[in-house]
Trainee: 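Quick one: the structure is below, and I'll ask about it shortly.
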Amino acid sequence: MTMKERLMELILQHAFRYSDTPAFKLVHGGLSKFYFNCKSVTLDPEGQVLIGNLIYRAVRDLKIDAVGGLTLGADPMANATAYTSWLEKDPIQCFVVRKKAKDHGTASLIEGKVKAGNRVVVLDDVITTGGSTLQAVAACRSAGLQVVKAVVLVDRQEMDGRQNILKEVPELEALVTRDEIFERFSRKKNQ
Ligand SMILES: O=P(O)(O)OC[C@H]1O[C@H](OP(=O)(O)OP(=O)(O)O)[C@H](O)[C@@H]1O
Ligand SMILES: O=C(O)c1cc(=O)[nH]c(=O)[nH]1
């Protein structure tokens, strides 16, 4: 089994929820019949190894300085990537974009060892509208970082999320798509 196949198994088993009625409220305010609670995979030890390796492979040729994104979704993914990169003897920093700048201390919006001019990849656990990813992209740009790609764990393939991100970022890679999970979900249901 490949890392991606195992990751899809974990997502289906622990993160994916389906309801016959639209029971899940999303960030954009609408309701959906399905939901990915990705934290149960991104915070899982096996999930961390799989995600760290798959994201590392998706970024290793880009000569980037760091990966990160909007807290909370991106955080464990960025940590896993940085950890993997160290094991690969190719260290990549990770950073966290706060939802709101701190009003004390260094008043930072972005935490981590990144500085203006760095090349970065923005991460997210899910995209629906792409708004959260784009919030992180805007914060990176304000800090003088160059966003060269976005990598997301799950693309819900709706609300123009992918297209919205591609208006601002040259490349977007989803480790897994909604269709891939739906296909496995219906196969399992019909077994
Ligand atoms: O593409 P979008 O329409 O922006 O939706 C996707 C976002 O929704 C969730 O964030 P949430 O605000 O629930 O935050 P959390 O990660 O802090 O739990 C998820 O982590 C994504 O960041
Ligand atoms: O759009 C969202 O808010 C959203 C959808 C989803 O499947 N998972 C999630 O964490 N957020």
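One-based numbering, in listed order, for ligands and for the atoms of each. Worth knowing before you read on, the calculation uses all heavy atoms, side chains too, and leaves out hydrogens, waters and symmetry mates.
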Trainee: Minimum heavy-atom separation for Arg162 to Ile127, with atom names?
Mentor: N-CD1, 4.1 Å
Trainee: Below 4.0 angstrom, N of the basic side chain to O of the carboxylate: do Arg6 and Glu46 qualify?
Mentor: yes
Trainee: Tell me, please, whether Phe16 has Arg184 positioned over its six-membered ring: NZ or CZ under 6.0 Å from the ring centre and within 45 degrees of its axis?
Mentor: no
Trainee: Between Leu153 and Met77, what is the shortest heavy-atom contact and its length?
Mentor: N-CE, 3.8 Å
Trainee: Identify which one of Val137, Leu70, Thr71, Leu123 satisfies the side-chain contact (heavy atoms from CB on, under 4.5 Å) criterion when paired with Val97.
Mentor: Leu70
Trainee: Could you pull out every protein residue that has a heavy atom closer than 4.0 Å to ligand 1, ordered by chain and then number?
Mentor: Val27, Lys39, Thr71, Leu72, Gly73, Lys99, Asp124, Asp125, Val126, Ile127, Thr128, Thr129, Gly130, Gly131, Ser132
Trainee: Testing Gln157, His28, Arg178 one by one against Thr128 for a side-chain contact (heavy atoms from CB on, under 4.5 Å), which residue passes?
Mentor: His28
Trainee: Mind jotting down which protein residues get a heavy-atom contact under 4.0 Å with ligand 2? Chain and number order, please.
Mentor: Leu26, Val27, Tyr35, Phe36, Val126, Thr128, Arg156
Trainee: Of Val41, Asn53, Leu12, Val154, which meets side-chain contact (heavy atoms from CB on, under 4.5 Å) against Leu7?
Mentor: Val41
Trainee: Output yes when Glu88 and Arg60 qualify as a salt bridge under the 4.0 Å nitrogen-oxygen rule, no when they do not.
Mentor: no
Trainee: Side chains of Val148 and Ile64, heavy atoms from C-beta outward: is any pair under 4.5 Å?
Mentor: yes
